Each structure stands twice: as structure tokens, then as C-alpha cells.
Amino acid sequence: MHKKLFIPGPVEVKDDVLQKMATPMIGHRTKEASKLQRDISEKLMKLFYTKNQVMLSTTSGTGLMEAAIRSCTRKRAAVFVVGAFGKRWYDMAVANNVPVDKFEVEWGSATTPEMVDEVLSTGKYDLITVTHNETSTGIMNPVGEIGEVVKKYPDVVFCVDTVSSAGGAKIEVDKWGIDVCITSTQKALGLPPGLAICTVSEKALEAAKQVEHRGFYLDLLRLYQYIQKKDHQYPSTPSIPHMYALDYQLDKILEEGLENRFARHKEMADYVRAWAKKYFDLFADERYASNTLTTIKNTRGINVAELNKRLGMRGYMISNGYGNLKEKTFRIAHMADTTLPEVKELLENIEDILEL
Ligand SMILES: *Cc1c(COP(=O)(O)O)cnc(C)c1O
């Protein structure tokens with residue numbers, strides 16, 4: 001039996017979207033390939049409220065995170081960590097020999113504009129990374145407000161991980177001053193895993209020009225220059241099946257209406273949060289609680305793995321806590337094309353199993 005996924009990626013993918021993955025292949029050096037990739041870029045510019053170039057990468061989101069920190073750090077990177085995915089950015093900087101410092105808060109808290117201002121005022125850093133939506137803790141950081149602070153530091157390249165929020169929450173790249181905004185297909189966008197997306201600003205590209213060793217496959221500047229020269233084609237063979245599905249899904253997203261889509265996510269989040277507070281508690285500081293997933297504190301000491309097993313027999317799957325938070329928390333994703341009635345059905349099943 002297929003288990004309906006309420007995990008924070010991969011998410012349920014609609015059948016019609018899945019079918020697009022089976023579109024007959026075209027050559028990746030054809031006019032059709034250019035058109036497909038150009039269309040996708042234009043639609044994604046709407047989703048991200050930006051005039052910046054959109055680039056795709058046949059990697060998961062992690063690939064473009066590594067590309068950004070490696071390609072654009074000239075002096076030293078400041079990585080703001082509120083959970084496991086923030087920390088990943090620090091680890092990849094270390095692995096690439098990129099000078100880096102980590103600024104971590106207690107998990108469940110947010111990165112604040114004040115924190116960022118204090119760190120940047122030292123003048124030591126020319127790139128920062130912030131996680132928009134931390135999928136381990138369920139925190140959605142105030143990236144718009146952080147962006148206002150970053151604007152005071154014109155040399156700083158602002159990189160934001162929106163992997164689990166893009167498509168489920170409003171992210172205004174130009175207004176917020178984000179230089180590299182990264183996401184993956186398998187979360188709030190509602191597609192299978194395997195493709196990553198970013199927007200890239202002039203500032204980020206200028207920074208990359210000053211970095212000597214940017215790698216090869218994940219060199220942001222090389223990617224950018226290639227797609228400029230070859231009308232949106234990519235230096236190596238991209239996942240064309242994903243592109244067909246993405247192009248189609250973006251039409252559906254724009255048809256739903258961005259504001260409607262974000263409102264639907266907010267409505268599901270409000271419902272799950274109220275439920276969590278009634279029976280358990282929220283792990284995240286509620287002022288910064290995520291609209292695409294909820295991390296629930298296991299205040300009743302239930303056996304989360306057992307709950308998930310029993311949900312599985314009924315055709316549902318949720319997520320245990322991430323890493324050290326396993327069994328101490330559990331996570332319910334409410335993203336992509338999930339609807340409120342589906343969320344209610346899941347929660348009723350949990351109540352039934354736990355006899356709440
Ligand atoms: C899932 C996730 C990632 C990793 O993305 P992949 O596409 O699996 O590489 C990074 N950051 C956040 C916030 C995520 O939720």
C-alpha cells in the first residue's frame with residue numbers, strides 16, 4: 001500500500017505531475033531544451049519575486065548550497081545555525097577549505113536581525129548563510145528583517161536556504177536582498193527529488209569572479225556564464241524529466257495563485273499548531289513557527305516509531321525527530337499540494353491510534 005507522505009520531503013506528488021516525468025526525451029542542445037529551460041526560469045522568477053537569473057542544477061538542494069558557499073566566499077563566511085540544516089552549511093565550508101565561523105542558537109529558537117548585525121559589524125565576513133525554514137526544528141527565520149540589516153553591509157553576499165519553504169511561503173528575493181536563494185524540487189514545490197534551483201544576483205557573480213577555486217560542476221559563475229551564452233542550456237546533461245514536471249507544476253502553482261497557495265499553507269500550519277498545543281506542545285518558538293512543517297514536542301513520551309508504524313498500516317507516514325531530536329519530537333509536514341482535509345484526516349488517525 002502506498003503511504004501518503006506527511007514527511008518534510010520527499011512529499012506526495014500528484015499523478016499528473018509524475019506522469020510528466022515520462023515525457024519522451026529531447027536533445028539537451030536543442031531549441032526545445034532552451035525554450036523549456038527559459039520558460040521554467042520565467043515562472044520561477046515570479047515565484048521568487050525576482051529579476052535575478054534563475055539557475056537549475058541536477059543535484060539535490062545540498063549541491064547548490066555547496067556551490068554558493070564555495071563559489072562566493074572571498075574572505076570568510078558566517079553561518080547562522082538554528083538546526084541540522086544550518087549546520088550542514090558550516091560542514092560543507094570546512095570540507096571545502098572555505099574560512100568560516102558558525103553562530104548557533106539553542107535549537108527551537110530563531111536567528112534574529114540583531115544577531116546578524118552584531119556579527120557583520122565586526123567586518124570579518126563577506127558572505128552569510130541563513131536557513132529560511134529549518135526543517136529539523138520547525139523554525140521559520142525572519143529573513144525579510146534580516147535582509148534589512150544585511151543591506152547595511154554592501155560587500156556581504158546573502159545566501160538563503162529556502163529548501164523546505166519555497167512554494168509554500170512567500171519569499172521576496174529582490175525586496176529582501178537575497179543574493180543566492182536555494183531550493184529543491186521535493187519539498188514545498190511538490191515534485192520528485194533530483195533537481196535544485198537557485199536565484200543568483202550580480203553581487204554574488206562579482207564575488208565569484210574574485211574566487212580562484214570554485215570547483216567545476218558546482219561553480220556558480222561557470223553555470224551562469226554558460227546559460228547566458230547558450231540560451232538557458234546547461235554545461236552538462238540536466239535531468240530533463242524533472243524539467244518537464246517542474247514546468248508543468250509551476251503552471252499549476254501559478255494557476256492556484258501564489259497568495260492562495262501561501263494562504264493554504266498558513267491555514268494548514270495554524271491547524272496543526274493548534275492541534276499540537278492541545279495534545280502535546282510546539283518545539284519551536286511560536287513567534288517563528290514554520291508554515292510548511294510543525295515540529296511537535298513529545299510531551300507525552302509516546303513511542304514515535306511505533307506510532308509511525310501504525311500510521312503506515314493505515315496508509316500515512318509522518319517523520320520522527322531529526323538526529324538528536326528523535327523520539328523527543330516528531331514532525332508533520334503540511335506542504336506542497338497537501339490540503340487541510342488531508343491534514344485533518346491524518347490528525348484524526350493519530351488521535352485514534354494514541355487514544356487521545
Ligand atoms: C531537505 C533540506 C535540505 C537538503 O536538501 P536536499 O535537496 O535533500 O539536498 C537543506 N535544507 C533544508 C532546510 C532542508 O529541509
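All ligand and atom numbering here is 1-based and tracks the order in the structure. In this chain, numbering begins with 1 at the start of the sequence shown. Computed from a predicted model, the values in this text were never measured in an experiment.
- The contact set between ligand 1 and Arg88, taken as ligand atoms under 4.0 Å from a residue heavy atom, comprises 4 (C).
- Residue Gly61 has at least one N or O atom closer than 3.5 Å to an N or O atom of ligand 1.
- Looking only at atom types and distance, the side chain of Glu12 has a donor-acceptor partner in the side chain of His2 under 3.5 Å away.
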- Query: Would Thr58 and Leu195 count as a side-chain contact (heavy atoms from CB on, under 4.5 Å) if you check the C-alpha gap in whole Å, the side-chain angles of each, and the deciding distance to 0.1 Å?
  - Reply: CA-CA 5 Å; Thr58 301; Leu195 201 66; 3.8 Å; yes
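- Scanning all protein heavy atoms for the shortest distance to atom 6 (P) of ligand 1 gives Ser60 OG, 3.4 Å.
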- Checking side-chain contact (heavy atoms from CB on, under 4.5 Å) for the pair Thr131/Phe80: CA distance, chi angles, key distance, verdict? CA-CA 7 Å; Thr131 312; Phe80 291 88; over 6 Å; no
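- The contact set between ligand 1 and Gln186, taken as ligand atoms under 4.0 Å from a residue heavy atom, comprises 6 (P), 7 (O), 8 (O).
- The shortest N or O to N or O distance between Glu134 and ligand 1 is not below 3.5 Å.
- When each of Phe6, Phe280, Tyr279 is checked for a ring pair (Phe, Tyr, Trp, His ring centres under 6.0 Å) with Phe330, only Phe280 meets the rule.
- Closest to atom 10 (C) of ligand 1 among all protein heavy atoms lies Phe85 CD2, 3.3 Å.
- Close approach of ligand 1 to Asn133 is summarised as follows: ligand atoms under 4.0 Å from at least one heavy atom of the residue are 13 (C).
- Taking atom 11 (N) of ligand 1 as the reference point, the nearest protein heavy-atom neighbour is Asp161 OD2, 2.6 Å.
- Electrostatic pairing of Lys151 and Glu148 counts as a salt bridge here, judged by a charged N lying under 4.0 Å from a carboxylate O.
- For ligand 1, the atoms lying closer than 4.0 Å to a non-hydrogen atom of Lys187 are 1 (C), 2 (C), 3 (C), 14 (C), 15 (O).
- Considering both main-chain and side-chain atoms, Thr131 never comes within under 3.5 Å of ligand 1 through any nitrogen or oxygen pair.
- With ligand atoms numbered from 1 in the order given, ligand 1 contributes 13 (C), 15 (O) to contacts under 4.0 Å with heavy atoms of Ser164.
- Counting atoms of ligand 1 from 1 in the listed order, those under 4.0 Å from a heavy atom of Thr135 are 12 (C), 13 (C), 14 (C), 15 (O).
- Near Ser184, with a cut-off below 4.0 Å to any heavy atom, the atoms of ligand 1 are 5 (O), 6 (P), 7 (O).
- Close approach of ligand 1 to Thr62 (heavy-atom distance below 4.0 Å) involves ligand atoms 4 (C), 5 (O), 6 (P), 9 (O).
- Under the 4.0 Å criterion applied to side-chain N and carboxylate O atoms, Asp39 and Lys35 are assigned as salt-bridge partners.
- A salt bridge links Arg273 with Asp270; the closest basic N to acidic carboxylate O contact falls under 4.0 Å.
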- Query: Checking ring-ring contact (aromatic ring centres under 6.0 Å, His included) for the pair Phe85/Tyr322: CA distance, chi angles, key distance, verdict?
  - Reply: CA-CA 10 Å; Phe85 290 102; Tyr322 193 99; 5.2 Å; yes
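- A salt bridge links Arg74 and Asp126; the closest N-O separation between the charged side-chain nitrogens and carboxylate oxygens is under 4.0 Å.
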